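Since the structure comes first, as structure tokens, the remarks are kept for the end.
Computed from a prediction, not measured in an experiment: that's the story for all the values here. Hydrogens, waters and symmetry mates are skipped; everything else that's a heavy atom, side chains included, is used. Sequence lines set the chain letters: A, B, ... in the order given, protein chains first and strands last, and positions in each chain run from 1.
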2 protein chains.
Amino acid sequence: MLNIEKEQKKKGTKERIRDVAIDLFSQKGYNAVSIRDIARLVKIHESSIYSHYKGKEDIMDSIITSLIEAFNIPAEINLGILPDEYDPQTLINDATMPMIEQLKNPFIRKIMRLMCIELYHNDKILDFFKNQYIEPSYTFWSHVFQKMMDQGYIREYDADLLSREFFSYCIYLLFEIFLFNYNETEYNSLIDDIMNKLSNHIKFIFDMIGLKESKD
Amino acid sequence: MLNIEKEQKKKGTKERIRDVAIDLFSQKGYNAVSIRDIARLVKIHESSIYSHYKGKEDIMDSIITSLIEAFNIPAEINLGILPDEYDPQTLINDATMPMIEQLKNPFIRKIMRLMCIELYHNDKILDFFKNQYIEPSYTFWSHVFQKMMDQGYIREYDADLLSREFFSYCIYLLFEIFLFNYNETEYNSLIDDIMNKLSNHIKFIFDMIGLKESKD
DNA sequence: GTCTATAAGTGGATAGAC
DNA sequence: GTCTATCCACTTATAGAC
């Protein structure tokens, strides 16, 4: 029992260190934050951090693991989630909603912001972003558009190009939010703004690629 | 005469410091580079740097001035450069060519990379990027598309939205190049890749917004 | 303008008492 | 597991000799 208590206390501090580190790293960037800054906010001595982590980089590695878990992207794309009969616009809305939902979670916001900020400086983040986030998304959307074409919902067009046209804008929005329009205190209006822009983008794509008049 | 010689020598060192700083900052980021790193490469003592700049931040400020000068964006948009009769695709190509040309200049590449990397960490860069680069570009392209509509080259559509659809992708490409696909040693194939993607994007926009069959 | 010398501070990290 | 004490490498920056 006493061991379990100790274990929980230990685990608690370790997580507090990680959470404070996420706060600081996502605000100031990895390089601008010191072990001492973290220790000060956790309210333990800086040397105590080394009882939980090997060092500063070890904390960052632990955060990156959280990042990967938070996104939890399946290795293989499950296209079974796409019903055979479905209104394209609704489908896209449903598929982009998780992105909006993620933005409402402050932990995810911090961790996404950290990802954007440290993308260039951290090889592990870069690898995750390129190979586990961007690339599978392009593949996913390519399949979605191909399916829509096969079912006659949209005009025939290169599915990979369509996927790029659609999803590149989503990544652009990611950078717009976290690199050059970030305001944690007003994230509600920020989310409204993003939803509005995303909605306009989807509207544009379907105004252009939809069947409408041209089918007759 | 002797004064001029001294002046030139002084100016030479000052510029060498700035150039080395651009190299290092754009590779490692501002925080990861020390005055000593710069002095070592310029082959002067670190203290000598303070004869030319007030300190590290002063060097960065000087670089930001170069950045602003390099882009040299006019305060007011000159739509006179747009001829009245012009093939839309060619017009867009001509207007995007300067972007490609800029990428061929190694100095501009470094300074753009630095801009992307330090966007979040540096308020002056952020201000330049948002207010002097992004915003005027959106306005410019909005006017271009409006003019095309007025002349009947493209379908009627919200010009601001079209501008966003077109130019957001350009900014996305900027980040793709400098944040997550950068390779200075193979920048030739990189430029080919960018030209290809940009060309596909322009093709997409005009496949969608062009008159073609629908006018008949 | 460049150097030496040095100040004064911050950084990450470890040893050992409790 | 947390603390005190300490190390030492590295940082920006200045004063003053040449």
Report the residues that fulfil side-chain hydrogen bond (donor to acceptor under 3.5 Å, both in side chains) with A:Ser34, sequence neighbours left out, ordered by chain and then residue number. A:Asp37
How many Å lie between OH on A:Tyr53 and P on C:dA13, as a whole number? 14 Å
Looking at B:Tyr138, is its backbone amide N or carbonyl O close enough to the side chain of B:Ser142 to form a donor-acceptor pair, meaning the two atoms are under 3.5 Å apart? no
Mind calculating the distance between CG (B:Asp58) and C1' (D:dA13) to the nearest angstrom? 13 Å
Separation of D:dC10 atom P from B:Arg40 atom CZ, nearest Å, is 9 Å
Please tabulate, one pair per line, each protein N/O and nucleotide N/O from nucleotides 4-7 of chain C that are separated by under 3.5 Å, including the distance.
unit_1 : atom_1 : unit_2  : atom_2 : d
C:dT4  : OP2    : B:His45 : ND1    : 3.1
C:dT4  : O4     : B:Ser47 : OG     : 2.9

I want to verify a distance call: between D:dT2, C:dG12, D:dA13, whose nearest atom is closest to the A:Ser51 side chain? D:dT2
For B:Val42, which contact category applies under a 4.0 Å heavy-atom criterion: base, sugar-phosphate, or nothing? nothing
Atom pair distance, as rounded to whole Å: CD1 in A:Ile35 and C1' in D:dC8: 17 Å
Which residues pass the side-chain hydrogen bond (donor to acceptor under 3.5 Å, both in side chains) test with A:Asn131, not counting sequence neighbours? A:Asp127
Which whole-number value in Å describes the distance from B:Lys56 NZ to D:dT12 C1'? 9 Å
Over how many whole Å does the gap from A:Lys28 atom NZ to C:dT10 atom P extend? 13 Å
Side-chain N or O of A:Tyr50 less than 4.0 angstrom from OP1 or OP2 on C:dT14? no
Any salt bridge (Lys or Arg N to Asp or Glu O under 4.0 Å) pairs touching residues 19-30 of chain B, not counting sequence neighbours? B:Asp23-B:Lys110
Would you mind telling me which of D:dT12, D:dT2, C:dG12 lies closest to the side-chain atoms of A:Thr13? D:dT2
What pairs of residues pass the ring pair (Phe, Tyr, Trp, His ring centres under 6.0 Å) test when at least one of them lies in residues 17-51 of chain A, not counting sequence neighbours? A:Phe25-A:Tyr30
From CG of B:Asp37 across to C1' of D:dT12 the rounded distance in Å is 13 Å
Let me know the distance between NZ of B:Lys14 and C1' of C:dT2, rounded to the nearest Å. 16 Å
Below 4.0 Å: OP1/OP2 of C:dG11 and any side-chain N or O of A:Ser34: yes
All pairs passing salt bridge (Lys or Arg N to Asp or Glu O under 4.0 Å) where residues 177-192 of chain A contributes a residue, at least two apart: A:Arg109-A:Glu184
Taking the six-membered ring for Trp and the full ring for Phe, Tyr or His, determine whether the centres of A:Tyr157 and B:Phe204 are under 6.0 Å apart. yes
